[in-house]
Amino acid sequence: MLQKSRMNRAEEALSEAIEKMNDRYRLGYHIMAPANWINDPNGLVQYKGEYHVFYQHNPFDENWGPMHWGHVKSKDLVHWEHLPIALTPGDACDSDGCFSGSAVDNDGELTLVYTGHHYTDKEKDIFYQNQNIAISKDGIAFEKVSENPVIDLPPGDSAHHFRDPKVWKHDDTWYMVLGNATQDKIGRVILYRSSDLHEWEYMGVLAQSDGTLGYMWECPDFFELNGKHILMISPQGIEADGDLYNNLFQTGYMVGDYDYGTNEFVHGPFAELDHGHDFYAVQTLLDDKGRRIAIGWMDMWEANMPTKADGWCGALTLPRVITLGDQLEILMNPVEEITLLRETEHKECKKRSILENYLIETKDDLIEVKAVFDLTNAASQAVGLKIRGVEQEELVLSYDVEEGQLTLDCSKFGKMKDGVRKAPLNANDLLSLRVFLDRSSIEVFANNGQTSMTSRIYPNEERLGIELYTVNGAVQVDELTYWTLQDTWK
């Protein structure tokens, strides 16, 4: 009864917030809460033929606060339906927050595995954390089990950081990775196993920092892909290094080989997963088509978040299929279902040489753009495209042909402050850009997912259009096509 009462208060608060919300920057085809705050994606799972995504959510305020689990579902990864809040904090196992975690289908029972957060001194941010489960038979209403917490304490050599369980099944055994830190402030991922999701055995350290990868590894994910094992993590505390690690916190991966018998993970170096301003806390699922699908939080801690003034904050990225490239690098591309968003197609440019610029006027703010540049005989130093406002505003996506570098410059676009991000890209003779623009976001996928860049953007001006451009020489544009996209929330 207590949980139901808390649920009702949260839903009432959301209903009131929706009435007051300014929708000028509300996204048209991304997962958002109905109102107020959202951060990490949680519990990505396919259950009874539908995709479910949960997320960290404060239904009472547009700022981070006592974490609940919001919930959406979809049949096609494109059209999402809001469901009632799945988890509310306040029980003995999660007194101050239901923090991030994962979801599994356990023989028809949808089971959420999550971190309970408990403050001992909130002003000084002193806390402890444990792991809990909640179960549903219909995928909508969840009951926390009486045995909670199912893991009450971290290993003895840990700091108090002990969170974000990701659970999967291998053969007949459940496994769990957790984000953790040592008492010496070394980030790491630790491993547990269980036969029934209720009783867990500690197996040891899966991987940890060499001293250069931060003090805490949040939101771990561990899975097999093309015969290799991938560890995804979101480290906190990595220092910026040139064009690398320019956000407050990072999200990236390591590729290697794992032995379940010895719990030995031999891996390569850490690599960033996305090179934009706003990508964090990624989680994946394996769907019934055999695809490994990733979704991240499309914001960043301590970033400029002007939508707080509008009564909401935060969103999730487009679902992306991840594959492994020839150099054991991760490639990310939107799921094929994203084409269901397309409404009208505009083929604007084909096999055309441009010397300086070429403007296509469109006021549409929900669009997908495909631009392909033939660099075989290009004389230009740089090529790219701009998203233009009607006056001075412009967002610039450029490729330096000589340096092999892709740059996303949002510094002259709306309310962005720290505007520039750069990423290496070996385009060779062909540069292909696939760009998704929503009312307050941009997602770029270059050369079939070799590089991606995700950023929140907040325009001040009405849109003028899309401009192709080149610097110091002509380039042939093989294709410029754009599609207007459906607003799935209307």
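Just so you know, these numbers use all the heavy atoms, side chains as well, and skip hydrogens, waters and symmetry mates.
Minimum heavy-atom separation, Ile338 to Pro319: CD1-CD, 4.4 Å. The two residues Pro220 and Leu178 have their closest heavy-atom pair at CG-C, 3.6 Å. Closest heavy-atom contact between Pro59 and His68: CD-ND1, 3.4 Å.
Of the charged side-chain nitrogens involved, none lies within less than 4.0 Å of a carboxylate oxygen, so that Glu479 and Lys350 do not count as a salt-bridged pair. Under a 4.0 Å N-O distance rule, the pair Asp487/Arg439 qualifies as a salt bridge. Between Asp365 and Arg463 there is no salt bridge, since no side-chain nitrogen of the basic residue lies less than 4.0 Å from a carboxylate oxygen of the acidic one. For the pair Arg291 and Glu337, the salt-bridge criterion is met [side-chain N within less than 4.0 Å of a carboxylate O]. Electrostatic pairing of Asp40 and Arg163 does not count as a salt bridge here, judged by no charged N lying under 4.0 Å from a carboxylate O.
A parallel orientation is assigned to the rings of Phe54 and His71, their planes being inclined by less than 30° (bins at 30° and 60°). Between Tyr458 and Tyr25, the ring-plane angle classifies as perpendicular under the 30° and 60° cut-offs. Ring geometry for Tyr482 against His346 counts as parallel: the plane angle stays under 30°, on a 0 to 90° scale with 60° as the upper cut.
Asn39 and Gln56 are not linked by any side-chain donor-acceptor pair at a separation below 3.5 angstrom, with hydrogens and angles left out of the test. Counted by atom type alone, Asp409 and Thr407 present zero donor-acceptor pairs between their side chains at under 3.5 Å. In the model, Tyr258 has a side-chain atom that pairs as donor or acceptor with a side-chain atom of Asn263 under 3.5 Å. Between the side chains of Thr376 and Asp429, no donor-acceptor pair of N or O atoms lies under 3.5 Å. When only modelled atom types and interatomic distance are considered, Thr111 and Asn106 share no side-chain donor-acceptor pair under 3.5 Å.
Cation-pi geometry between Lys386 and Tyr469 is met: the NZ or CZ atom falls under 6.0 Å from the ring centre, inside 45° of the normal.
For Lys370, the NZ atom sits in a loose shell: 12 or fewer heavy atoms of surrounding residues, nucleotides or ligands are nearer than 6.0 Å.
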